[in-house]
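Chain naming here is simple, since letters A, B, ... match the order of the sequence lines and numbering starts at 1 in each.
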Amino acid sequence: MFMEYKKIISERLSALTGLSNEAIEKLIEIPPKPEMGDFAFPCFQLARTLRKAPNLIAEELKNNIEKSGFERIETVGGYLNFFVDKANLAKSTLEKILTEKDTYGHTKIGAGKTVTIDFSSPNIAKPFHVGHLYSTAVGNALYRIFSSQGYKCVGINHLGDWGTQFGKLIEAYKRWVDEEALEKEPIKELLRIYVKFHEEAEKDPSLEDIARMHFKNLEDGKEEEVKLWQKIKDVSLMEFNKVYDMLKIKFDSYAGESFYNDKMDEVVKMLEEKGLLTESHGAQVVNLDEFNMPPCIIKKSDGATIYATRDLAAAIYRKRTYDFYKNIYVVGLEQTLHFKQVFTTLKLMGFDWADDCVHVGFGMVKFADKKLSTRKGDVIFLEDLLNEAIQRAKELIEEKNAALENKEEVAKIVGIGAVVFTYLKNNRERDIVFSWNDILNFDGETGPYVQYSYARGKSILRKAEGYGTNFDFQKLNSPEEVELIKLLASFNDVILSAIDKYEPSILTRYIIDVAKAFNKFYNMHPILSIEDEALKNARLALVEATTIVIKNGLALIGIDVVERM
RNA sequence: GCGCCUUUAGCUCAGUUGGAUAGAGCAACGGCCUUCUAAGCCGUGUGUCGGGAGUUCGAAUCUCUCAAGGCGCACCA
């Protein structure tokens, strides 16, 4: 909404300069400091074509431009600075927010379009560790962000539920499983027997052959293997769901690797028919030399398919089933080349929609002090991290607000919010250096900070017990109020920018900015105690609008708010 | 060896797509609770924007080059 001013300015300037709307819109910028104006147009580029000094051009434009909707227009050096009419902005922004409430920021620009989002995708029988939260949090945020603009989203959990390791697990299960332990801590027990299998296989290599046989039987659909595989999958999912429930994440599809087992023959056939398959070192591959990429392997030399084949089958299946507008893969950056190969192969197969496939990559979760390895079982389970954060939140509640009613519930929301917030705060392509200290610090630019700002706002509204409708928006003219209103007005612009870049952190940063601006306002301007009724009402409206934007914003990145904390 | 990514304050990171004096948080120090929640606010200090060259009115941002670190380069996903 705030950016609509940009359009107005460019239209008016276009009429005066003869430059196109788009050219001008690209030049318009937001000055580094609010006292310099709300928008600025640099005249340096015009200086060349008009053969006139920039400051003279700015002066001339200032004298001739239509000024309605703006408080004033000034020139500084070669800049033409625009000051929007603040009373107008306050009125239109706050009225819009208070009318639309929960749907403020939402639009329908994506109506009729489907977006498939492949995210989280853990491996069955393996721990769901702190690294998995990156894909999970980013994917879930994208799901919510796209949905808010009217896109129909399909969340796909592409489970790692197929492969030779299941042969090993099946044999290990038959020999050593402790059913009771499996009931209690499925993943830990599965991990234990999996490790045990490798130890025993060292002494008795014949175990490997038995495992291979089990997997062959599984592929052939033999009853015993399928049953055990299903059981292992079920107990794993139960454990994963504990975490998904904590994070309040739901998927529309759990079609994982096994789902595409019978859909790959067709892909191979299509590749053959198009003459794309060539033999290389005994394997069937698609040559990608002309794209400066290594070949995409379709069939291994032993005739078995591989993950690229599976991803091709999955993409084709998704296009047929959902007719997606965008097909998003939230997968680690280390797989960049793999997805390039897959997308290029799809293009070679004649699928133009290959251009709609997007790999949304993210960095790694690393450890500063010690090097952790999954092999040694030296991992941090996500569930443990979340519980640790909840515990920390609980301690803080006891310390700061022991009289709080629903402590457990609040601690859960704040603790989990803090963790998710940390994962979504920075550019997703950055690595996260995992540190207990940082992630359990609830001060500064954190989830709890934003939630706290919301709770403070709500507290004021509770104490006000409603407010009148005679507003004096004119008086919301302090720098703190104006700054806050401008931010609130640009909510939708920020969402669109996050969509454009598939980047939730843009939104997270924005929410921090709103909370910061609110706290500043809160500290400097009394609300409940002032005499002027019309100003009081306007400020209360501003407080309510702020709580709405924080709540809606956090909802888009998968974080809840609390009314008190 | 080749390709991709990263390098901004002591630490963790922003930087509106080439614009005005490069900004936040953490950590440190100082101030603000008989008034709307101090998980807050205010103040203090720090920069060869990895090095060098180029492009132009103007570069943290674009190009080239060098350096350091990370990831990836065919039968794992």
Side-chain angles (χ1 to χ4, degrees), chain A residues 26-27 29-33 36 40 42 44-45 47-48 54 76-79 81 121 123 158 160 162-165 257 280-285 292-302 304-308 310-311 331-338 340-341 361 363-364 366 368 393 396-397 399-401 404 414 418 422 425-427 429-433 435 437-438 441-453 455-464 490 493-494 497 501 505-506 509 512-513 515-516 519-520 522-530 539-540 543 564-565:
Chain A
K26 276 193 85 169
L27 285 174
E29 60 198 63
I30 295 171
K33 295 217 166 103
M36 300 164 112
F44 307 101
Q45 283 191 19
R48 182 179 291 169
V76 179
Y79 288 98
N81 293 339
S121 309
N123 288 324
H158 191 85
W162 205 245
T164 47
Q165 73 270 25
E257 291 170 9
S280 173
H281 298 86
Q284 296 289 313
V285 306
N292 274 319
M293 278 186 258
C296 184
I297 297 178
I298 302 299
K299 268 190 162 181
K300 304 193 285 188
S301 44
D302 65 1
T305 54
I306 192 171
Y307 64 110
R310 202 144 34 226
D311 276 342
V331 180
L333 280 171
E334 66 275 10
Q335 293 197 42
T336 302
L337 177 60
H338 163 69
K340 262 194 198 163
Q341 291 173 309
M364 312 181 107
K366 294 180 167 172
L396 282 172
I397 291 170
E399 183 188 320
K400 294 171 190 294
N401 192 0
L404 193 68
V414 173
T422 301
K425 189 164 80 172
N426 295 331
N427 182 332
E429 302 204 343
R430 255 183 202 280
D431 290 342
I432 290 179
V433 179
S435 128
N437 264 346
D438 289 351
N441 178 14
F442 292 0
D443 294 331
E445 298 175 339
T446 63
Y449 170 78
V450 175
Q451 288 166 324
Y452 179 71
S453 311
R456 281 176 131 186
K458 279 304 212 182
S459 172
I460 292 179
L461 295 170
R462 269 195 306 273
K463 289 195 169 144
S490 42
D493 304 319
V494 172
S497 163
K501 301 191 176 72
S505 71
I506 294 177
R509 295 260 162 202
I512 293 172
D513 288 341
K516 221 184 257 185
N519 280 320
K520 204 170 253 199
Y522 177 98
N523 271 279
M524 291 191 73
H525 303 284
I527 297 162
L528 296 176
S529 60
I530 53 177
R539 283 192 179 157
L540 281 167
V543 171
R564 299 168 215 255
M565 67 185 273

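Residues A:Asn426 and A:Arg509 bring a donor and an acceptor atom of their side chains to less than 3.5 Å of each other.
For A:Lys463 against B:rU37, a side-chain-to-base donor-acceptor contact under 3.5 Å is absent.
Residues satisfying the ring-ring contact (aromatic ring centres under 6.0 Å, His included) test with A:Tyr449, not counting sequence neighbours, are none. Annotation: side-chain hydrogen bond (donor to acceptor under 3.5 Å, both in side chains) contacts of A:Ser121 (sequence neighbours excluded): A:Asp118. With sequence neighbours left out, the side chain to side chain contact (heavy atoms under 4.5 Å, CB included) criterion links A:Asp431 to A:Met364, A:Lys366. Remark: A:Asp513 pairs with A:Leu487 by the side chain to side chain contact (heavy atoms under 4.5 Å, CB included) rule, at least two apart or across chains. With sequence neighbours left out, the side chain to side chain contact (heavy atoms under 4.5 Å, CB included) criterion links A:Leu337 to A:Met293, A:Pro294, A:Gln341. The side chain to side chain contact (heavy atoms under 4.5 Å, CB included) search around A:Ile297 returns A:Val285, A:Ile306, not counting sequence neighbours. For A:Phe442, there are no ring-ring contact (aromatic ring centres under 6.0 Å, His included) partners at least two apart in sequence or on another chain.
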Report summary line: Scoring nucleotides 42-47 of chain B by protein non-hydrogen atoms under 4.0 Å (B base, S sugar-phosphate only, - none) yields S-----
Query raised in the report: How does protein reach along nucleotides 20-31 of chain B, written 5' to 3' as B (base within reach of a heavy atom under 4.0 Å), S (only sugar-phosphate), or - (no contact)?
Result: B---SSS-----
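Spacing of P atoms, B:rA22 relative to B:rA60, comes out at 9 Å, to the nearest Å. B:rA59 and B:rU44 are spaced 31 Å apart, taking the C1' atom of each and rounding to whole Å. B:rG15 and B:rG25 are spaced 15 Å apart, taking the C1' atom of each and rounding to whole Å. Taking atom P on both nucleotides, B:rC62 is separated from B:rU6 by 9 Å, rounded to a whole Å. Only the P atoms considered, B:rC36 is 42 Å distant from B:rA20, to the nearest whole Å.
Closest to the side chain of A:Arg48, from the set B:rU17, B:rU56, B:rC36, is B:rU56.
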Query raised in the report: For RNA chain B, what is the dot-bracket line, given that a base pair needs Watson-Crick (N1 to N3, plus N6-O4 or O6-N4) or G-U wobble (N1-O2 and O6-N3) geometry with both distances under 3.5 Å, and | means paired with another strand?
Result: (((((((..((((.....[...)))).(((((.......))))).....(((((..]....))))))))))))....
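Look at CD on A:Gln341: it is 15 Å from P on B:rC4, rounded to the nearest Å. To the nearest angstrom, C1' of B:rC2 lies 13 Å from NZ of A:Lys340. Protein atom CG of A:Asn519 is 10 Å distant from nucleotide atom C1' of B:rA39, rounded to whole Å.
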Could you pull out the protein-nucleic contacts involving nucleotides 6-10 of chain B (nitrogen or oxygen on both sides, under 3.5 Å)?
unit_1, atom_1, unit_2, atom_2, d
B:rU7, OP1, A:Arg430, NH2, 3.1

Could you go over nucleotides 69-74 of chain B and give all protein N or O partners under 3.5 Å, atom names and distances?
unit_1, atom_1, unit_2, atom_2, d
B:rA74, N1, A:Ser280, OG, 2.6

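Base contact: A:Ser459 has a heavy atom under 4.0 Å from a base atom.
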